[in-house]
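Quick caveat, the model's predicted, so the values are computed rather than measured. Chain A is the first sequence line, chain B the second, and so forth, proteins listed ahead of strands; every chain is numbered from 1.
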Amino acid sequence: MKRSISLCISLVIYFSLTALSEANPDLHEFIQKAEEKRLYEDRQWQILLHYKPVRSGYTSLIDDPDFFLSPVGKEDPKAELEATLRAFFESDRSGDGHPRCRFVARFEWLKEKLGMDASLFPDVACNEWENILRTVQPRSAVLVFPAAFMNNPASMFGHTLLRIDGSYESKLLSFAANYAADPGTMGILYPIKGIFGFYKGYFNLFPYYDRIKMYNDTEQRDMWEYKLNLTEDEVRRMFLHLWELKGIYSYYYFFDENCSYNLMFLLEAARPSIHLTDKFGAWVVPVDTIRTVEESGIVEGIEFRPAKATRIRYISSLLDDKNKKKALSIAEKRLNPSELSDIPKEDKVKMLDLATEIIQYKYFKGTLSKDEYQTLFLAALKERSQLGNSDDTYKIPVPTPPEKGHLSNRLGLGIGIMDGRLFQDISIRPAYHSLIDPDDGYLEGSQIVFANTRIRYITDGRIRLERFDFIDIASVTPRDRFFKPLSFKIKTGFMQQMNPYRDENLIYYFEPGIGVAFGNKHMGVYFIMAEASLDISGDYSDNYALGGGLWVGMTKKITDFWKINLSAETLPHMLGEEFQENRASAVQTFRLNQNNSLNLSISWEEIFHDNRTELELNWNYYF
Amino acid sequence: MKRLILVIIAVSAMSFMWASPGLAVENYGSAGCGLGSLIFGDQPGGIQVIAATTNASTYSQLFGITSGTSNCDKQPKSYSHTRLNEFVVANMDNLAKDIAMGQGESLETVAELMGISAEEKPMMFAKLQKNFLNIFTSEKVEAAEVIDNITTLMNNG
């Protein structure tokens, strides 16, 4: 209903404007000129309106009718251009609602292309626009990537936003453009709605210091800042387009029209000669957008902004165990900051710096009340200030940047022996990273696998689907003195498994698990998880088997290119079909280069009192 | 074919999202004028909180505000420079930390907003560090006061 009314109103406005043009010879002339030059086919027009070619012509990816001045603007570039020109000549209103105040990028471009003189357009007092232009003063731009965060499905792949720098030297005073969905009242349908486009996505602009607080401090995410070589004119053009998108929605699709994809339109608006939005297919992974942007040649540098958690871990590594404990005691109110006598100044400085960071972190987490926080924070800072200057610019080591990690798709070719028989495997995985892939550029201990498919040819003539995992997601994050995360996993799909008749067949499985991990890079990471397992198969009594058990494992990087993963699992099934399932495996991963790795694995399983061993060598190619 | 792949991946992702340990919703707005202003309003530990909001036009549409000071409108006496006040209200904690350490990004930002030249900065930072308690006079000190205290210190040679 709302849509028909708005369509009605658009039509009325449209026809009155049409009548207006007949009375305005200039407008008529420009419309003709625009048609002759076929401006509606120009790349810049397509970018500004987010048009994509479809079978019947074009359609804009923007869904909000307010973005179009013609009632058929979403599908008709020519009609939209004409309606836009008419709207610019509107003389019966002024102020921020006027099309010349709203569609500033279109106006600037059309003025230039059609040689329209400024004198034709009396001032309409675009106060809001002028105000924001004055506040932001767009000069240069930086593409920012807050790293992946496993505790939130929307953040597993990281995120991207665009920082717009002005005339201030301090980047904290810059603004960050961001595209995000507005979930309104969150409910159980949140994932479905996010995937299938039921949420409206908007562009917004926040102070950069605020985004740092959110990603860096509260969410513990490192941030990567990719400086772009866009000129001031180009950044200004981009900002003009961003203004046009203010308050305009398009339906948010988690897989393809997501936060990272939509930012690409802004970059294209800055420099139309680069092609970004047509370089993606069915799904857009944030790190892939960084790669594409890099390939377009507009990245000129990269800076690393470590998260508070990263800072805490680094400063802590500079202290011995005793002092580490004391610093933590201060943050836990068990030791007064003024009681650090007899400790050399350099160590005291580090301990107080560490305690301060932990106090802030505890407050973010809700462990300290505001009053407790204010007291503790000031007490620690008071002590620190009395120690004067120190060389405490902590030079936190920069990890491998995310775009240098292996590419998102994986093709695997394997050869091996099972039950004395030779086999060959081919596997394909469109996303994203597993515990046995080289970690460089990825969040350590994270696994995000979608649609993993493996087909096996056994030399006795059988070809079969070895497995198809819908998802296999895990996060193995060690707990330490300062951070106590939970580790978890969830996986579901089809796999070959032994049945009561000494044969193997495809079953459907679902396995969630939760647990803890501890350790570090040097000694290795060890985990233990409790898991549940539901298997569905026609060969089982009542067609199912339900059980619960334990999964333990460890991972250790032996050299730069060599990693080992060990795991063992015991899973008694007690309802439906009753049986014991035990597994163990050892996988060696060798990183050959950014996009090639080898897995050498030996695995053992015992199901229905039948056991067997499998040895396999897999070559993985990422693309 | 693309649809099919998408559906397959969608089924996969959905099962994960439902099982996810925590979901976050952005809540914009800082809490008052003193230490401890967060982006999550008055709720520290915002990550674990699913903040239900029925107002569809909430934070996702904010555009270009420089002020997180939704509930702080006290102005410093020494400066009518709103950007400075807004920055200090929203970043007071990091500013305090930087002043105590004698260096840092937030401190550099405040110096820039106050028009301090590059040559004057080292002296300013050293002075502020030495006088930490004269700037952050109590646990409940507020941004406007902090700015005024800094100004007083800078003016007293």
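Residue A:E130 places its CD atom among more than 12 non-hydrogen atoms of other residues, nucleotides or ligands, all under 6.0 Å distant. Open room surrounds CZ on A:F198; 12 or fewer heavy atoms of other groups in view lie less than 6.0 Å from it. By the 6.0 Å contact criterion, NZ on A:K382 is open, its count of non-hydrogen atoms from other residues, nucleotides or ligands being 12 or less.
Heavy atoms of A:I448 lying under 4.5 Å from chain B are absent altogether. For A:T356, the part lying near chain B is the side chain, with the backbone staying farther off; criterion is any non-hydrogen pair under 4.5 Å. Of the atoms belonging to A:F377, it is side-chain heavy atoms, and not backbone ones, that fall under 4.5 Å from chain B. Neither the backbone nor the side chain of B:E108 has a heavy atom closer than 4.5 Å to any heavy atom of chain A. Only the side chain of B:L113 comes within contact range of chain A, with heavy atoms under 4.5 Å apart. Looking at A:D217, only its side chain comes within 4.5 Å of chain B, counting heavy atoms on both sides.
Considering only heavy atoms from C-beta on, B:F125 stays 4.5 Å or farther from A:N389 through its side chain. Counting only heavy atoms from C-beta outward, the side chains of B:M101 and A:V349 never approach each other to under 4.5 Å.
Under the 3.5 Å distance criterion, the side-chain polar atoms of A:Y363 are matched with a main-chain donor or acceptor of B:G36. With hydrogens and angles ignored, the 3.5 Å screen pairs no side-chain donor or acceptor of B:E105 with any backbone N or O of A:L172.
Residues passing the side-chain hydrogen bond (donor to acceptor under 3.5 Å, both in side chains) test with A:Y179, sequence neighbours excluded: A:S250. Considering only residues two or more places apart in sequence or on other chains, A:K308 meets the side-chain hydrogen bond (donor to acceptor under 3.5 Å, both in side chains) condition with A:E357, A:Q360. The side-chain hydrogen bond (donor to acceptor under 3.5 Å, both in side chains) check on A:S369 picks up A:E372, with sequence neighbours excluded.
Going from atom CZ of B:F63 over to atom CZ of A:F203 covers 9.5 Å, rounded to the nearest 0.5 Å. Considering OG1 of A:T375 and CG of B:L35, their distance stands at 10.0 Å, rounded to 0.5 Å. In this structure, the separation between CD on B:E112 and OG on A:S167 is 8.0 Å, given to the nearest 0.5 Å. From B:Q129, atom CD reaches atom CD of A:Q386 across 10.0 Å, with rounding to the nearest 0.5 Å.
Residues A:S170 and B:T109 approach most closely at OG-OG1, 2.6 Å, considering heavy atoms.
Counted by atom type alone, B:D93 and A:Y373 present one or more donor-acceptor pairs between their side chains at under 3.5 Å.
For residues 131-143 of chain B, heavy-atom neighbours of chain A at less than 4.5 Å comprise B:F132, B:L133, B:F136, B:S138, B:E139, B:K140, sorted by residue number.
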